[in-house]
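Shown next, in structure tokens, is the structure this report addresses.
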There are 2 protein chains.
Amino acid sequence: MNTQLVDLDVDLDKETPISACPHEYHPHCNNCRLAGICLPFALEGKEIDELDNIIQRSKPLQKGQHLYREGDGFESVYAVRSGTLKAYQTTDDGREQVTGFYFPGEILGMDGIAKNSHASSARALETAAVCEIPFTSLEKLSAGMPHLQRHFFQLMSREIAEDQQLITLLSKSSADERVAALLLSISSRNARRKLSATQFRLSMSRVDIGNYLGLTVETVSRVFSRMQKMSILQVENKEIEILDLEALKEMADLR
Amino acid sequence: MNTQLVDLDVDLDKETPISACPHEYHPHCNNCRLAGICLPFALEGKEIDELDNIIQRSKPLQKGQHLYREGDGFESVYAVRSGTLKAYQTTDDGREQVTGFYFPGEILGMDGIAKNSHASSARALETAAVCEIPFTSLEKLSAGMPHLQRHFFQLMSREIAEDQQLITLLSKSSADERVAALLLSISSRNARRKLSATQFRLSMSRVDIGNYLGLTVETVSRVFSRMQKMSILQVENKEIEILDLEALKEMADLR
DNA sequence: AGCGCTTATTGACGCAAGTCAAAGAGCGCT
DNA sequence: AGCGCTCTTTGACTTGCGTCAATAAGCGCT
């Protein structure tokens, strides 16, 4: 019965290729409220239009649908416009490792540049919309726009630095610290989008959280319960309220 | 007495800034036997010369000396010419996380681009020489040389993909698997430089290995002993011989 | 509203790897 | 050659998290 689910999902992908919808919704970088997060400050009006021209929008991805799969030819990087996606790799024996969650304004797919094929898969955790940025166009545009070139070097560098943070987390921290760190990360990314830093809905399952943090579901669940008992969190299923941000920060720091 | 060691090391750095030696050794990309690893294939002779012009060589780093430190202003990325370096981050409470080892032909420092300051420190594990590549020059040059631009995007992307591999390793693997994976990584990187894939000297200590793999020294040591007992390895201090490459590969695969 | 699914919580138990401790090996110094 | 480091190995014990198992809670279906 597991197999059935997977097949279903594959069919879904085939039935609805993400760039073939007749009634596409076409927003523009110019009036995008996420531009501050995903574009370089220093870009001028005319430059933004040039960038806007190469970007392809497409109909939203449904929950569970793939944006790309490990091994797919690399064509584009993607900016999240709404919803959440997870990136993950599959090991030889079929197990999954979640390598990142991507929220609106964030960019994914950059790990595919090296080998010209995607090094990870990306799927929507809920209905999600993305801007597709064809990479060769981006390269050409970058060559003539120093700000843009710099911006993409910076984006990739940030991805490296963040992965290294995660490496440290996985290598040195207890279960409590890992969960605390993830919650704080989500909190600050929400704040950047002018959403509440203390109250939000987790778009990912406990399984995904555990997978990302190198923990089992049970452990994640236990940590949530413990934090609730300590009045640091209010957990109601996927709804999280951070009651004591300071305590959470203290918890996230390696002791 | 630990303090003394640290102070000594800082003094060393101050006394010998890496670009102020009167008798610098000046090799060129043109005749560098590592060019195949660190440069893009597609670069033409004239282009290589241009790149060569912006690269700064300096006197070798001594064992323990820093190439850069976390928080230092970001100026350049570095290609290793000889020796080995480790990159590491220091957590708030002073503990260290080794985020990578860098062998000849490999490039480090790219995590500094995002914030314009280095996100990690890099120090020599043995006497080492590096080529310093000033980043602003590299950016300018890239804008006019598509191959070079592409190459650096690829290098950064590869770093991302490799970090994600490490994330999976730390998140999902047993001590045996981690050590096996590191040995195989070193083995294949040696092979790429036409060195023996089965016999080599570990330039890093057991502490560094453990730190990198998220294990304690004791565990690393025990794994080596176990592998020796199983006739997979011949371990003699830092000298390693891989006796059974297949068995090692099997071990590295997640089971 | 009620069935069948997936997801989450909680408890009891076991084990891989960490901690503590001590001894031995390697290596730079004088 | 011998002292004083640091690095490595090995053993005995502890522990945090994984595993297994059972129950409960959510959610999309009809």
Side-chain angles (χ1 to χ4, degrees), chain A residues 1-6 8-9 62-64 86 95-96 98 125-127 169-180 201-211 213-229 233-240 251 254-255, chain B residues 1-6 8-9 12 62-64 86 95-96 98 125-127 169-180 201-229 233-240 251 254-255:
Chain A
M1 75 311 200
N2 246 332
T3 336
Q4 199 191 348
L5 224 185
V6 172
L8 235 159
D9 163 67
Q62 293 307 308
K63 178 175 174 172
K86 73 166 174 183
R95 274 190 299 175
E96 226 177 84
V98 175
L125 292 175
E126 56 196 332
T127 308
L169 197 69
L170 291 174
S171 178
K172 296 276 178 298
S173 315
S174 68
D176 288 355
E177 290 166 341
R178 295 182 200 196
V179 173
R201 184 170 198 288
L202 293 175
S203 44
M204 65 292 282
S205 70
R206 302 284 194 273
V207 178
D208 284 334
I209 293 176
N211 193 314
L213 296 174
L215 301 169
T216 58
V217 208
E218 293 95 325
T219 300
V220 174
S221 185
R222 274 186 258 266
V223 173
F224 276 142
S225 302
R226 209 176 307 151
M227 287 180 171
Q228 175 141 253
K229 210 164 285 166
L233 289 186
Q234 182 68 250
V235 185
E236 182 137 3
N237 203 13
K238 303 219 161 192
E239 295 295 336
I240 298 283
M251 215 167 191
L254 297 178
R255 39 179 154 98
Chain B
M1 73 308 193
N2 247 332
T3 335
Q4 198 190 348
L5 226 184
V6 172
L8 236 158
D9 161 70
L12 210 84
Q62 294 307 309
K63 178 175 175 172
K86 72 167 176 183
R95 274 191 297 176
E96 226 177 84
V98 175
L125 291 174
E126 56 196 333
T127 308
L169 197 71
L170 291 175
S171 178
K172 297 274 179 297
S173 316
S174 67
D176 287 355
E177 289 166 343
R178 297 182 199 195
V179 173
R201 183 170 199 288
L202 293 175
S203 44
M204 65 292 282
S205 69
R206 301 284 194 272
V207 177
D208 283 334
I209 293 176
N211 193 316
Y212 177 69
L213 296 174
L215 302 170
T216 58
V217 208
E218 292 95 326
T219 301
V220 174
S221 183
R222 275 187 259 264
V223 172
F224 276 141
S225 301
R226 211 177 306 151
M227 286 180 171
Q228 176 142 253
K229 211 163 284 167
L233 290 186
Q234 182 67 250
V235 184
E236 180 137 4
N237 203 13
K238 304 218 159 192
E239 295 295 334
I240 299 283
M251 215 168 190
L254 297 179
R255 42 185 150 95

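So you know, we letter chains A, B, ... as the sequences are listed, proteins then strands, and number each from 1.
Protein atom NZ of B:Lys63 is 11 Å distant from nucleotide atom C1' of C:dG26, rounded to whole Å. Here the P atom of nucleotide D:dT9 and the NZ atom of B:Lys238 are 10 Å apart, to the nearest Å. To the nearest angstrom, P of D:dG16 lies 18 Å from NZ of A:Lys172. As rounded to whole Å, 12 Å separates atom C1' of C:dT9 from atom CZ of A:Phe224. In this structure, B:Ile209 atom CD1 and C:dA17 atom P are separated by 16 Å, rounded to whole Å. In this structure, A:Arg226 places its CZ atom 12 Å from P of C:dG11, rounding to the nearest Å. Between the CG atom of B:Leu213 and the P atom of C:dA16 there is a distance of 19 Å, given to the nearest Å. Rounded to whole Å, atom P of D:dC17 lies 17 Å from atom CG of A:Asn211.
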- [ ] Could you encode protein contacts along nucleotides 20-30 of chain D as a string, one character per nucleotide from 5' to 3', using B for base contact, S for sugar-phosphate-only contact and - for no contact, with a heavy-atom cut-off of under 4.0 Å?
- [x] B-----S----
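In terms of modelled atom types and a separation under 3.5 Å, the side chain of B:Asp208 and the main chain of B:Lys86 share no donor-acceptor contact.
Taking 4.0 Å as the cut-off between side-chain N and carboxylate O, A:Arg201 and A:Glu239 count as a salt-bridged pair.
Atom CG of residue A:Leu202 and atom CZ of residue A:Phe224 lie 5.5 Å apart, to the nearest 0.5 angstrom. A distance of 8.5 Å separates CD of A:Gln228 from CD of A:Glu236, quoted to the nearest 0.5 Å.
In this structure, A:Lys238 and A:Ser205 have side chains that are in contact, with non-hydrogen atoms separated by less than 4.5 Å. The shortest side-chain heavy-atom distance between A:Glu177 and A:Met251 does not fall under the 4.5 Å cut-off. Residues B:Leu213 and B:Thr219 have side chains not in contact (no heavy-atom distance under 4.5 Å, counting atoms from C-beta outward). Residues A:Leu215 and A:Val179 have side chains in contact (heavy-atom distance under 4.5 Å, counting atoms from C-beta outward).
A:Ser221 comes within 4.0 angstrom of a nucleotide base, judged by non-hydrogen atoms across all strands. Looking at heavy-atom distances under 4.0 Å, A:Gly214 makes contact with sugar-phosphate atoms alone, never a base.
Considering only side-chain atoms of A:Val217, the nucleotide from C:dT19, C:dA17, C:dT9 that sits closest is C:dT9. The side chain of A:Ser225 has C:dT9 as its nearest neighbour among C:dT9, C:dA17, D:dT8. Side-chain proximity of B:Leu215 to C:dT9, C:dG18, D:dG18: nearest is C:dG18.
In terms of phosphate contacts, B:Thr219 brings no side-chain nitrogen or oxygen within less than 4.0 Å of OP1 or OP2 of C:dA17.
When the C1' atoms of four end pairs are superposed on the next four at each end of the helix from C:dA1-D:dT30 to C:dT30-D:dA1, using five pairs per end, the two resulting axes differ in direction by 50°, to 10°.
Nearest heavy-atom pair across B:Ser171 and A:Leu170 is CB-CD1, 4.1 Å.
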